[in-house]
Amino acid sequence: MNVTSFFRDTDAWSLLQDEVLPQVLADIPSGGEIRVWSAGCSSGEEAYSLAIMFAEALGVEESLARVKIYATDVDEEALREARSGLYPAKALEPLPTELRDRYFEKNGAQYIFRQDLRRRVIFGRHDITRDAPISRLDLLVCRNTLMYFNVEAQNQIVDRFHFALKESGYLFLGKAEMLLNDGERFEAINIRQRIFRRRPGTGGTTHTVPPMKIRPGMGLELQSATRARQLRDLILDSTQGAVIALDQEGTVVMINNQTRSQFGLTLNDVGRPFQDLEISYRPAELRSLVEQSTHEHRSLRINTVERRLGDELQFFDILVQPISNGPGQPVATTITFTDVTVATQLKAEVKRVREELETAYEELQSTNEELETTNEELQSGNEELETMNDEMRIRTTDLDEARAFLEGVVGSIAAGLVVLAGDMKVKSWNRGAVDLWGLRADEVLDEHFFALDFGLPTASLREVIQQCIATGKRARPVAIPAVNRIGRKITCSVVCSPFNGHNGGVVLLIEELDDDSGD
């Protein structure tokens with residue numbers, strides 16, 4: 001059973017490739033051999049990840065000539081799987097497509113690692129607690145293996161790793177592991193990503209590290225315990241959501257990988273009282289819930305618990321579940337945190353959109369009501385306009401009839417009839433005036449009366465017209481010599497009457513007098 005994948009923890013591998021690998025290569029003479037050990041390689045993904053990393057950095061040809069990768073484990077079944085180099089498509093999903101196509105070939109329903117590089121990876125059974133370490137290493141990778149041993153065993157394994165590395169060689173551990181109180185022998189390159197460097201001048205004799213003290217039969221027990229721990233780790237890491245487990249006394253006994261990454265916990269927190277951890281009271285008060293769940297023998301759930309992480313908001317559903325081993329008090333309690341941030345944000349967004357739609361609908365209804373009111377007002381206005389139009393048509397008809405009547409009256413007058421506005425411009429010129437003077441109405445309308453040149457000496461009428469306007473009374477007839485349209489001399493009788501329209505103009509009635517002289 002293994003918990004591994006290609007380039008597991010991509011941030012750590014990126015740091016190793018971008019910052020550590022160039023230094024590893026710089027410390028080795030040109031053309032010199034590069035020695036790498038993947039301890040606890042399991043089913044081989046880590047070892048092949050190393051082969052890909054060096055091939056990308058050096059090129060395939062140089063990598064084939066210089067790089068030697070030792071990959072070891074105590075699990076023969078895992079080693080058989082690793083040696084085959086065969087993996088399902090799902091296992092290669094962490095790899096970019098171009099890397100998968102460059103380093104794997106399709107083999108039925110699976111993919112196989114390219115054979116030339118495969119020959120540079122040497123797989124073998126090795127027990128890091130008993131067997132002599134591989135030596136003269138430039139890089140040693142042992143990720144999430146030390147965590148399965150107690151402190152004393154870890155110290156002895158680190159002694160072996162220190163011996164195995166060349167001066168200034170690099171050690172790459174897993175996220176759940178740390179070199180404690182070993183600053184004299186190892187320099188931390190990046191503590192967060194668990195990358196260390198063997199300090200120069202810190203020993204380095206021929207290998208005299210003794211094997212670990214193991215009582216008869218303990219080897220099988222260690223292998224069995226290792227398998228059990230691996231199985232537990234696999235179950236925990238595949239569990240949906242973050243999970244933390246407590247025993248009857250409230251001591252932390254398990255923390256899965258997702259809990260460690262999401263809440264900043266480490267394996268060092270295993271064995272601590274739960275109440276001492278921040279997660280016991282933030283983002284929610286869980287201590288009382290654990291006690292209630294244990295006492296009532298039932299699961300308790302709280303939903304959509306808010307957790308603020310800097311400027312970021314997270315939301316979790318939390319399940320507190322007692323674990324029983326038969327009747328009586330529960331023997332343990334698990335607390336599961338399910339991240340519902342996306343779902344909560346979507347619900348909030350749906351709620352916001354729904355509220356906006358409801359507001360928009362209300363505004364639309366209001367707008368419709370306003371439009372209906374406006375439409376009614378427009379209809380009322382149209383009806384008023386139609387009434388006004390009817391009245392205008394009636395008035396127009398009346399005016400047309402009045403105009404026709406007046407024109408008929410004016411046209412039937414045999415004498416000349418001239419209407420002047422207050423500015424002395426001609427506003428009316430009847431048929432009698434046309435017959436007398438030979439000027440058509442369209443030739444004189446809106447022309448200044450005293451500027452017209454026709455048979456009537458208009459200047460002789462100026463005083464009479466002004467007096468009529470001034471007094472507002474009709475003037476006596478005035479006899480004026482004139483010449484008619486055919487050039488015959490005549491005497492005209494002109495009567496000037498005030499006209500209330502056109503700014504106080506006048507009406508001139510002009511008649512030809514009989515001439516007894518017989519011109």
* Asked: Between H162 and R198, is any pair of side-chain heavy atoms under 4.5 Å apart?
  -> yes
* Check the pair D11 / S14 against side chain to side chain donor-acceptor pair (under 3.5 Å), numbers first and verdict last. => CA-CA 5 Å; D11 290 344; S14 295; 5.4 Å; no
* Asked: Looking only at atom types and distance, does a side-chain atom of R100 sit under 3.5 Å from a main-chain N or O of L95, one as donor and one as acceptor?
  -> no
* Asked: Is there side-chain contact between L99 and E56, with at least one heavy-atom pair below 4.5 Å?
  -> yes
* For the residue pair C41 and L79, establish whether any side-chain heavy-atom pair is separated by less than 4.5 Å. => yes
* Heavy-atom pair with the smallest gap, counting every atom of A47 and I69 -> O-CD1, 4.1 Å
* Asked: What residues, two or more places apart in sequence or in another chain, satisfy side-chain hydrogen bond (donor to acceptor under 3.5 Å, both in side chains) together with E187?
  -> none
* Are the side chains of I279 and F274 in touch, meaning some heavy atoms are under 4.5 Å apart? -> yes
* Asked: Going through the distances and angles, do F263 and L277 end up as a side chain to side chain contact (heavy atoms under 4.5 Å, CB included)?
  -> CA-CA 10 Å; F263 294 95; L277 302 181; over 6 Å; no
* Spacing of CD belonging to Q345 relative to NZ belonging to K347, to within rounding of 0.5 Å -> 12.5 Å
* Side-chain donor/acceptor of D9 to backbone N/O of A12, under 3.5 Å -> no
* Asked: Rounded to the nearest 0.5 Å, what separation is found between the CD1 atom of I255 and the CG atom of D269?
  -> 5.0 Å
* Asked: Are D159 and R185 within salt-bridge range, i.e. N to O under 4.0 Å?
  -> yes
* Asked: For F172, is the NZ or CZ atom of R143 found under 6.0 angstrom from the centre of its six-membered ring and inside 45 degrees of the ring axis?
  -> yes
* **Criterion side chain to side chain donor-acceptor pair (under 3.5 Å) on D27 and Q23, from CA distance to verdict** => CA-CA 6 Å; D27 292 341; Q23 190 60 51; 3.0 Å; yes
* Exam field: side chain T259 to backbone V243, donor-acceptor pair closer than 3.5 Å -> yes
* **Test of ring centre spacing under 6.0 Å for Y48 and Y103** => no
* Rounded to the nearest 0.5 Å, how far does CD of E19 lie from CD of Q17? -> 11.5 Å
* Would E356 and R352 pass as an ion pair if we require N to O under 4.0 Å? -> yes
* Asked: What's the shortest heavy-atom distance between P330 and T294, and which atoms?
  -> CD-O, 3.7 Å
* Can you measure from CD (Q154) to CD1 (I128) and round to the nearest 0.5 angstrom? => 9.5 Å
* Asked: For E105, does the CD atom have more than 12 heavy-atom neighbours from other residues, nucleotides or ligands under 6.0 Å away?
  -> no
* Using the side-chain contact (heavy atoms from CB on, under 4.5 Å) rule, pick out the option among L319, I244, D317, V305 that qualifies with F337. => I244
* **H297, NE2: over 12 other non-hydrogen atoms inside 6.0 angstrom** => yes
* About how many Å separate CG of L86 and CZ of F104, when rounded to the nearest 0.5 Å? -> 10.0 Å
* To do: Specify the closest pair of heavy atoms between S49 and W13, including all atoms of both residues, with the distance to one decimal.
  => CB-CH2, 3.8 Å
* To do: Please report the shortest heavy-atom distance between F315 and T341, naming the atom on each side.
  => N-OG1, 2.9 Å
* Would you say K106 and Y111 make side-chain contact, with heavy atoms under 4.5 Å? -> yes
* Would you check if E76 and R125 make a side-chain contact, meaning some heavy-atom pair closer than 4.5 Å? => yes
* Please answer whether the main-chain N or O of E376 pairs with a side-chain N or O of S380 as donor and acceptor at a distance below 3.5 Å. => no
* Side chain of E285, backbone of R287: donor and acceptor closer than 3.5 Å? -> yes
* Mind checking whether Y70 and R35 have side chains closer than 4.5 Å, heavy atoms only? -> yes
* Roughly how far apart are I34 CD1 and L137 CG, rounded to 0.5 Å? -> 12.5 Å
* Is the distance between the ring centroids of F196 and F161 less than 6.0 Å? -> no
* Go through the steps for L146 and V158 under the test side chain to side chain contact (heavy atoms under 4.5 Å, CB included), then give the verdict. => CA-CA 9 Å; L146 294 180; V158 171; 4.3 Å; yes
* Asked: So, for V67 and R120, which heavy atoms are closest and what is the spacing to 0.1 Å?
  -> O-NE, 3.0 Å
* To do: Without swapping roles, check the side chain of S293 against the backbone of R298 for a donor-acceptor pair under 3.5 Å.
  => yes
* With no hydrogens and no angle check, is any side-chain donor or acceptor of R66 less than 3.5 Å from a backbone partner on S63? -> no
* Asked: In terms of side-chain geometry, is the basic nitrogen of E45 or R8 positioned less than 4.0 Å from the acidic oxygen of its partner?
  -> no
* How about F7 and P94: do any of their side-chain heavy atoms sit closer than 4.5 Å? -> no
